Amino acid sequence: MLDIKQIRLEPEKFRSGLRAKNAEDKLDSLLALDEQRRKYITKADDLKSLRNTVSKEIGELRKTKQSADEKIKEMREVGIQIKTLDTDIKDVENKINQVITTFPNIPHKSVKIGKSEEDNETVKSWGKKPILDFKLKNHLELSDDLGVLDFARSSKISGSGFPLYMGKGARLERALINFMLDFHAEKHGYTEVFPPFLVNRDSAFGTGQLPKLEEDMYLTTLDDLFLIPTAEVPVTNIHRDEILSEKKLPIKYTAFSACFRREAGSYGKDTRGLSRVHQFNKVEMVQFVKPDESYEVHEQLLKDAEDILQALGLHYRVLNLCSGDLSFAAAKCYDIEVWAPGSDKYFEVSSVSNFEDFQARRANIRYRRADNNKVEFLHTLNGSGVATPRLMIALLETYQTNEGTVVIPEILHPYTGFTTISNNEI
RNA sequence: GGAGAGAUGUCCGAGUGGUUUAAGGUGCACGCUUGGAAAGCGUGUGUACUGAGAGGUACCGGGGGUUCGAAUCCCCCUUUCUCCGCCA
């Protein structure tokens with residue numbers, strides 16, 4: 001959530017920021033409502049002050065057995081006026097909230113202004129496209145031939161987009177999850193957490209999924225709970241409505257979760273196989289940090305995610321997203337795209353975002369400074385480290401052999417218990 | 001699902017209609033003391049809104065109500081604990 005006081009102070013900064021994010025500019029009506037709200041509050045507070053004073057006097061009069069009827073009568077009138085004003089205030093505040101909660105975060109100054117993904121900049125790449133001098137298969141052909149994924153049956157069970165991993169495929173999936181969790185916990189110093197997969201509205205609001213992105217999530221209507229689209233939601237909300245001491249920062253969590261996304265309206269080629277699915281697994285990293293450290297941490301978070309791909313020996317590139325391609329809550333974001341030679345394209349496996357205080361404001365996550373004891377909003381960041389389906393695509397396609405088998409990278413052997421896949425039997 | 005008991009500031013915890021302006025402790029900050037530290041002593045210390053400021057207002061799990069006046073009384077909801085039931 002944006003800070004209405006900051007908007008009041010520097011409207012032009014926010015105007016251009018919202019424009020850079022392709023968001024509708026409703027600043028003027030917002031500022032008008034804000035002014036109206038403050039007028040009402042001043043009036044109501046004055047009346048309440050009067051009521052408090054007179055009520056005390058009534059108490060005194062009662063104590064000395066004097067009549068207070070006249071004052072009680074007056075205050076009854078004042079009470080009615082207060083009630084009216086309080087309703088007016090609430091109405092205006094509801095209107096303000098309706099507008100301001102739909103405003104996206106504005107981009108950091110280091111973010112390139114751009115319209116769409118075409119304006120994203122590749123800032124680095126690691127490794128090289130592998131040279132494989134035989135006829136390459138894509139992950140669908142490989143998983144069909146090896147029997148590690150069964151899309152025909154999974155669509156019978158649930159519909160399209162709900163992958164069913166079989167045998168070595170299932171084991172490899174689990175190996176990837178365990179490997180990544182261990183890696184972040186042991187090498188990068190994250191605390192492992194295992195969050196709930198369903199969350200309430202307050203949590204979904206806190207990270208910015210609500211109100212705008214409600215349709216992207218699955219909702220269980222009987223209990224009004226959302227299936228999480230990412231572990232970011234429950235993990236960031238761990239500290240909702242809390243004041244943390246500065247000594248505890250940075251807080252670094254890593255979490256595995258299944259992720260559920262409706263992906264409404266995304267039909268077409270990209271929906272085949274594992275490239276775009278409704279349910280997938282992801283290991284996520286979330287950090288709570290002091291505001292002046294968040295951009296340093298952002299770079300570190302990117303490295304933590306890259307380390308996974310490097311350990312697996314997969315070629316990837318990193319994009320610095322332009323303003324127009326940033327997600328609702330992000331002020332800056334790197335995407336990591338891994339190379340899949342059989343498909344001859346890059347697939348996004350990680351988004352590493354700095355939300356600054358946008359989520360902290362919504363979720364009311366603050367910290368107490370050590371130097372002056374003041375309370376302020378902290379900064380939240382998160383990054384996928386990483387999502388498995390497209391990682392699986394890259395692994396299968398990168399490590400395929402001309403015999404049609406797949407060689408497992410050595411670092412995964414302790415987790416898989418096998419070194420190659422030639423069928424789906426364990 | 002049923003019955004009972006709770007939810008108060010960073011944390012613990014007192015407070016059942018009007019000097020609550022939320023006691024006391026703890027934590028934190030600063031100072032004294034010390035060779036240094038601990039202990040001890042002293043002082044300060046909730047959040048938000050509003051206001052140029054002085055100040056004012058709100059907030060005791062959330063929402064509504066009663067009253068001149070609510071942490072306190074009433075209703076609804078959430079949640080935690082205990083017991084019972086069900087259950088992987």
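Chain naming here is simple, since letters A, B, ... match the order of the sequence lines and numbering starts at 1 in each. Keep in mind it's a predicted model, so treat the numbers as computed, not measured.
Under the Watson-Crick or G-U wobble criterion, with both distances below 3.5 Å, B/C60 has no partner in any strand shown. B/U21 is unpaired under the Watson-Crick or G-U wobble criterion, no partner having all donor-acceptor distances under 3.5 Å. Across all strands shown, B/G2 is found opposite B/C83 as a Watson-Crick or G-U wobble partner, with both distances under 3.5 Å. Using Watson-Crick or G-U wobble geometry with both donor-acceptor distances under 3.5 Å, B/U43 finds its partner in B/A29. Here B/U78 sits opposite B/A7 as a Watson-Crick or G-U wobble pair (both hydrogen-bonding atom distances under 3.5 Å). Using Watson-Crick or G-U wobble geometry with both donor-acceptor distances under 3.5 Å, B/A52 finds no partner in any strand shown. Within the shown strands, nothing qualifies as a pairing partner of B/A88 under the Watson-Crick or G-U definition with both distances less than 3.5 Å. Base pairing analysis places B/G35 opposite nothing; no Watson-Crick or G-U wobble pair with both distances below 3.5 Å involves it.
For the pair A/Arg240 and B/G61, the criterion of a side-chain N or O lying under 4.0 Å from OP1 or OP2 is not met. For A/Lys248, no side-chain nitrogen or oxygen approaches OP1 or OP2 of B/C28 to under 4.0 Å. Proximity of A/Asn52 to the phosphate of B/A58: a side-chain N or O atom is located under 4.0 Å from OP1 or OP2. The shortest distance between the side-chain N/O atoms of A/Arg76 and the OP1/OP2 oxygens of B/C68 is below 4.0 Å. Side-chain nitrogen and oxygen atoms of A/Lys374 include none within less than 4.0 Å of the OP1 or OP2 phosphate oxygen of B/A29.
Mapping A/Arg366 and A/Glu57 onto RNA chain B by nearest heavy atom places A/Glu57 at the nucleotide closer to the 5' end.
Aromatic pair A/His298/A/Tyr334: centroids less than 6.0 angstrom apart. For A/His278 and A/Phe260, the ring centers sit 6.0 Å or farther from each other.
Picking from B/U57, B/G64, B/G51 the nucleotide with the shortest atom distance to the side chain of A/Ser49 gives B/U57. Proximity note for A/Ser55 (side chain, C-beta onward) versus B/G18, B/G64, B/G56: the nearest is B/G18. For A/Arg51, the side-chain atoms get nearest to B/C68 when compared with the rest of B/C68, B/U10, B/U57.
The backbone N or O of A/Val233 sits nowhere less than 3.5 Å from a side-chain atom of A/Thr236 that would complete a donor-acceptor pair.
In this structure, A/Arg362 forms a cation-pi arrangement with A/Phe205, its terminal cationic atom sitting closer than 6.0 Å to the ring centre and no more than 45° off the ring axis.
Heavy atoms of A/Val375 sit under 4.0 angstrom from primed sugar atoms or phosphate atoms, though from no base atom. Within 4.0 Å (heavy atoms only), A/Arg37 reaches sugar-phosphate atoms of the nucleic acid but no base atom. At the heavy-atom level, A/Ser245 lies nowhere under 4.0 Å from the strands shown. Within 4.0 Å (heavy atoms only), A/Lys39 reaches no atom of the nucleic acid at all.
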